[in-house]
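Small disclaimer: the values here were computed from a predicted structure and weren't measured. One is the number of the first residue; the rest follow in order along the sequence.
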Amino acid sequence: MTVAIRVIPCLDVDQGRVVKGINFQNLRDAGDPVELAERYSEEGADEITFLDVSASKEGRATMVQTVQRCAEQVFVPLTVGGGVRSVGDVEQLLGAGADKVGVNTAAIANPELIDQIAKRFGNQVLVISVDARRCPAGVETPSGFELTTHGGTRSTGIDALEWCSEVTARGAGEILLNSMDADGVKTGFDLEMLTQVRSRVSVPLIASGGAGKVEHFVQAVRAGADAVLAASVFHFGEVAISAVKAGLKEAGFEVR
């Protein structure tokens, strides 16, 4: 049975507002998270991802009340990430209405957290967010791709592809692969990175970073993505969710 490709708008939330920039810099306001979530639910989004982009950098937990308000207004699955550091944090977010929880920085600091969350709540709840980039000068990894933390602001020197293999072995049910180089640039997803990660893991793979037009989403799915995620092109009305689905369907992919 063919699994339908999911189209996922992403709400990057900072100080209670949805923001979007380029390579995580020069953030500009894109609206109220609850209003946007409600709009995307009505426009046919298959899921909505809510990322508290400053939680890890500021060393605090995700804004649970905002998550709860979003969950009350939408009727599609809600994935929440940012500042998740413990099994207790996951439990709190699921209690607030999240269907899945994304973990990034804390999992790198303590990989056993992945095992703990998967064992307690099941693989289907756990999305590992991978903020990867091509290695900058002075950093070398076997694949040429490096893992970053704290919203892409810190280098780790860890090979991003090897990390993807490790997190799935530990129990991650899904990988959200975000290209830090392509983020907000709108020139297309990093197809090379997508293809390489796809060859290493069998869990669902969400492509993130770089969407600028409908064809980019199609290219990502051809490269192996099971779901495509974008933010600014949806927030500012440059591309409609319905247009992405129509483009995928025309290319021969099943959509909901």
Could you walk me through whether Val101 and Val127 pass the side chain to side chain contact (heavy atoms under 4.5 Å, CB included) test, one step at a time? CA-CA 6 Å; Val101 174; Val127 179; over 6 Å; no

Give the intermediate values and the outcome of side chain to side chain contact (heavy atoms under 4.5 Å, CB included) for residues Val64 and Leu93. CA-CA 7 Å; Val64 175; Leu93 289 171; 4.3 Å; yes

Steps toward side chain to side chain contact (heavy atoms under 4.5 Å, CB included) verdict (Ser165, Arg200): CA-CA 6 Å; Ser165 298; Arg200 293 199 181 206; 3.6 Å; yes

Can Glu43 and Arg39 be said to form a salt bridge (Lys or Arg N to Asp or Glu O under 4.0 Å), step by step? CA-CA 6 Å; Glu43 289 179 358; Arg39 189 185 97 194; 3.2 Å; yes

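Remark: side-chain polar atoms of Arg198 are paired, donor with acceptor, to backbone N or O of Val201 under 3.5 angstrom. Counting only distance, with no hydrogens or angles, the side chain of Thr148 and the backbone of Asp131 share a donor-acceptor pair below 3.5 Å. At distances below 3.5 Å, not a single donor-acceptor pair connects side-chain atoms of Ser129 with backbone N or O atoms of Gly102. Checking side-chain atoms of Asp89 against main-chain N and O of Arg85 turns up a donor-acceptor pair under 3.5 Å. Side-chain atoms of Asp226 come within 3.5 Å of backbone N or O of Leu205 as a donor-acceptor pair. Of the possible donor and acceptor atoms, none in the side chain of Glu215 sits under 3.5 Å from a partner among the backbone N and O of Gly212. Side-chain atoms of Glu146 come within 3.5 Å of backbone N or O of Gly157 as a donor-acceptor pair. Judged by distance alone, with hydrogens and angles left aside, the side-chain atoms of Asp99 form a donor-acceptor pair with the main-chain N or O of Leu78 at under 3.5 Å. Checking side-chain atoms of His235 against main-chain N and O of Ala230 turns up no donor-acceptor pair under 3.5 Å. Remark: side-chain polar atoms of Lys245 are paired, donor with acceptor, to backbone N or O of Arg256 under 3.5 angstrom.
Counting heavy atoms from C-beta outward, Val90 and Val84 have side chains that approach closer than 4.5 Å. Side-chain contact between Leu113 and Val103 is present, with heavy atoms from C-beta onward closer than 4.5 Å.
The nearest pair of heavy atoms linking Ala225 to Leu194 is CB-CD2, 4.4 Å. The minimum heavy-atom distance between Val76 and Ala45, with the atom names listed, is CG1-O, 3.3 Å. Residue Ala207 comes nearest to Phe189 through the heavy atom pair O-CE2, 3.4 Å, listed as atom of the first residue, atom of the second, then distance. Shortest non-hydrogen contact noted between Arg6 and Pro204 is NH2-CB, 3.8 Å. Pairing each heavy atom of Val228 with each of Ala220, the nearest pair is CG1-CB, 4.0 Å.
For the residue pair Asp159/Ser143, the side-chain donor-acceptor check at 3.5 Å is satisfied.
Ion pairing between Asp115 and Arg170 holds under the 4.0 Å rule for side-chain N and carboxylate O.
Put simply, NZ on Lys100 and CZ on Phe121 are 16.0 Å apart, with the number rounded to the nearest 0.5 Å.
The aromatic rings of Phe234 and Phe217 lie parallel to each other, with less than 30° between the two planes, well short of the 60° mark.
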